[in-house]
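The sequence lines fix the lettering, A, B, ..., with proteins before strands; numbering per chain opens at 1.
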There are 2 protein chains.
Amino acid sequence: MNVGIRPALAPRKTIDDVAELAGVSIKTVSRVMNSEPGVRPETRLKVQQAIAELHYKPSLPARSLAGKRSNLIGLIYDNPSANYVFDVQNGAIARCREADLRLFIQSCNGLGESLIDEVLALVEQTHVDGLVIAPPLSADRVLIEALDARHVRFVRIAPGEGDHPSPAVTMDDREAAREMTAFLIGLGHRRIGFVTGHPDHLSSRQRSDGYADALREAGIDRDAQPIEQGYNDIATGSEAGLRMLDLAEPPTAIFASNDDMAAGVIRAAHERGVDVPSRLSVAGFDDSQIAGIVWPTLTTIHQPTADMANEAARLLIDLLKGKETAPVTELAYTLIKRGSTAPAP
Amino acid sequence: MNVGIRPALAPRKTIDDVAELAGVSIKTVSRVMNSEPGVRPETRLKVQQAIAELHYKPSLPARSLAGKRSNLIGLIYDNPSANYVFDVQNGAIARCREADLRLFIQSCNGLGESLIDEVLALVEQTHVDGLVIAPPLSADRVLIEALDARHVRFVRIAPGEGDHPSPAVTMDDREAAREMTAFLIGLGHRRIGFVTGHPDHLSSRQRSDGYADALREAGIDRDAQPIEQGYNDIATGSEAGLRMLDLAEPPTAIFASNDDMAAGVIRAAHERGVDVPSRLSVAGFDDSQIAGIVWPTLTTIHQPTADMANEAARLLIDLLKGKETAPVTELAYTLIKRGSTAPAP
DNA sequence: CTGTTATTTGACAACGCTGTCATCTAGCAA
DNA sequence: TTGCTAGATGACAGCGTTGTCAAATAACAG
């Protein structure tokens, strides 16, 4: 290691260097960088060439200190699912790259009480222009109100039924669940179990309602169906599956409120020696990575996570530019048919 | 939306407010914030109280503009595995939180040619003090050299066999693979298949070598064992598994160079009606999330991904403080015994 | 006490950019 | 040509910190 005796870093290129090379004032360079009007096309060109020639990159800290904007937006979440977080990050990143903004990613996992302070500190310290808030943080009333009180701009992803006027990107969980249930009914299933999602998640209720909608439409008695509570993980899904399979009259299909629980149901079927899908069809929700991993692969609802994050970032960027934005943008889901479902026996 | 007519944000608290409340100059406040010596304990206390009372948070941009440090470090990766990335992020985040630094997470997924430019732009624009580089970027010679040329400080995670003198955090893949193979041999297996990892990953060769080491030690002829090439994903793992199971004399155990491929092998066993683990033991490597998802759950090597990232961040922070650091830190792996392995039939 | 030296503190100029406002130039009508 | 205006450009003062260095104070020896 020769770190200690390394020469100093090459001096950073500043706006002055560009100005000198282009033969204009730094203010004009600044105008060009910010696409401001009032620069003659030929001047603009000169400056752009100088920027390119020097490989000049403006200093983010200097810009945020001097100006009203920081060209930085934050993404916050408090989510233990690696796949979900990964998708959200990538969606938001893609949009920011297009808009030439930087994304400051902040995991709030396991922060508990100090959550609000952390988020406010993030906003204060980094000067982010706005926030994209992923679930379940997007449904956190206290947080949302705190941000609102400080006049922080934000866009929420899948905030559930909240009535807050800030823009949000959502998906129609209820309708998707209805469609999946209808699909199972279309396969001839008449006895269809349901594994309920975590009661704290707003989407759980919506999915449950969609399931009920489809049964009603088909004239099937919902109260005669086996319904078990799960908590969005494999273990509780598996337990719920076992309980249903051990019934005197087990269902021929089970719809779980998310993929992890559906995977648990498949495992339960393995344990009981029940073949999927010939004797039991299983459907999930989310199209998370696990849907393609389990055997057989899972029929599920594709939730456009990355697209939702991308759209949320777009809305935020528009909002920051002062554009009027729709309060709620709803994105389309897709029913993905894979190996875990088949016609009723 | 009433964004347009919202009142201005509450004025940000500045160092001046703190100075005034504490009855000292801003420079003294600055000293206290940076834990600089030469402040009387009683003065320090006064200032700290003022900071607490006002909930004052120093402006990151202002600090990085004025000072030599930005209190920001970057984490870069180019990795398609959500689980791996998630662990790396969390490990690094935890350390940064302790050190009161911010972490700037930058995904370089799918950047190709422009990778170097992107990373250099990140460094230039954000003024990060240093970089934590996760694999496979950590093995990218061109990138490493480019960063070196600019005298950017960095620490690499699992850089493979590179001979660069910068600090790195590694794990002994070869020894871990040897141990896993020895474990299978200890269970009585004498015919042990191996699914090779992606040839571009340096760790693949090391794991393969460890497998060979154990066979040699046990006096088992390596060349008589079925060895199939995989590409670190479920599909190729599954194909490799099928080929081995269709042999006239199939192996009683299969060791795959990573968990995804091991999951593929298990799927292949399901397809062929071969019970795991009674008729076939399967072992993986990584202890990624999938290891706990497949059925039966996977015996594997726990790679301390989060710990490695945490340690890498620690090394970087030390490096930035000017402390001398060991060039390579090796972290311990753990052999995790789960349901996919059993004594040879 | 006084002089001298360490310790503690503060004044002030950066840092690299943007916002404001004044100045300059070109274009056009008279 | 002159006068006027709109458009283009630049001078300069910050933004909220830290670095430098000088000033003030405390500590100590003689």
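- For the pair E20(A) CD and dG16(C) P, the computed distance is 15 Å after rounding to whole Å.
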CA sep, side-chain torsions, deciding dist, call: F104(A), F104(B), ring-ring contact (aromatic ring centres under 6.0 Å, His included)
CA-CA 6 Å; F104(A) 202 102; F104(B) 202 102; 5.3 Å; yes

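- For the residue pair D117(A) and H55(B), no side-chain donor N or O sits within less than 3.5 Å of a side-chain acceptor on the partner.
- Side-chain proximity of I15(A) to the nucleotides dG10(D), dC17(C), dT9(C) is greatest for dC17(C).
- For the pair K13(B) NZ and dT17(D) P, the computed distance is 13 Å after rounding to whole Å.
- Closest to the side chain of R40(A), from the set dT9(D), dT8(C), dG19(D), is dT9(D).
- Look at T28(A) and you'll find a side-chain N or O under 4.0 angstrom from OP1 or OP2 of dG10(D).
- Using a 4.0 Å heavy-atom cutoff across all strands shown, R69(A) reaches no nucleic acid atom at all.
- D16(A) and T14(A) form a side-chain donor-acceptor contact under 3.5 Å, judged by distance and modelled atom types alone.
- Residue M33(A) has its side chain nearest to dC17(C) when only dC17(C), dT9(C), dG16(D) are considered.
- Side-chain contact between L21(B) and E53(B) is present, with at least one heavy-atom pair separated by less than 4.5 Å.
- Between the side chains of Y77(A) and Q89(A), at least one donor-acceptor pair of N or O atoms lies under 3.5 Å.
- Within 6.0 Å of CD on E20(B) lie no more than 12 heavy atoms contributed by other residues, nucleotides or ligands.
- Residue side chain R31(A) reaches the base of dG10(D) through a donor-acceptor N/O pair under 3.5 Å, judged by distance alone.
- Checking H127(A) against R69(A) by side-chain atom types alone, no donor-acceptor pair falls below 3.5 Å.
- Against DNA chain D, the stretch residues 56-68 of chain B makes heavy-atom approaches under 4.0 Å through Y56(B), P58(B), S59(B), A62(B), R63(B), A66(B), G67(B), K68(B).
- Distance NE2 (H127(B)) to C1' (dT18(D)): 14 Å, rounded to an integer number of Å.
- Rounded to an integer number of Å, the gap from CD1 of I51(A) to C1' of dC17(C) is 13 Å.
- Between R44(A) and T14(B), it is R44(A) whose nearest contact on DNA chain D lies nearer the 5' terminus.
- Residue E36(A) contributes atom CD, which lies 8 Å from atom P of dT18(C) at whole-angstrom precision.
- In this structure, CD of E42(B) is placed 14 Å from P of dT25(D), rounded to the nearest angstrom.
- At whole-Å resolution of the value, NZ in K46(B) and P in dT9(C) are 8 Å apart.
- The nearest whole Å value for the distance from the NZ atom in K27(A) to the P atom in dC24(C) is 19 Å.
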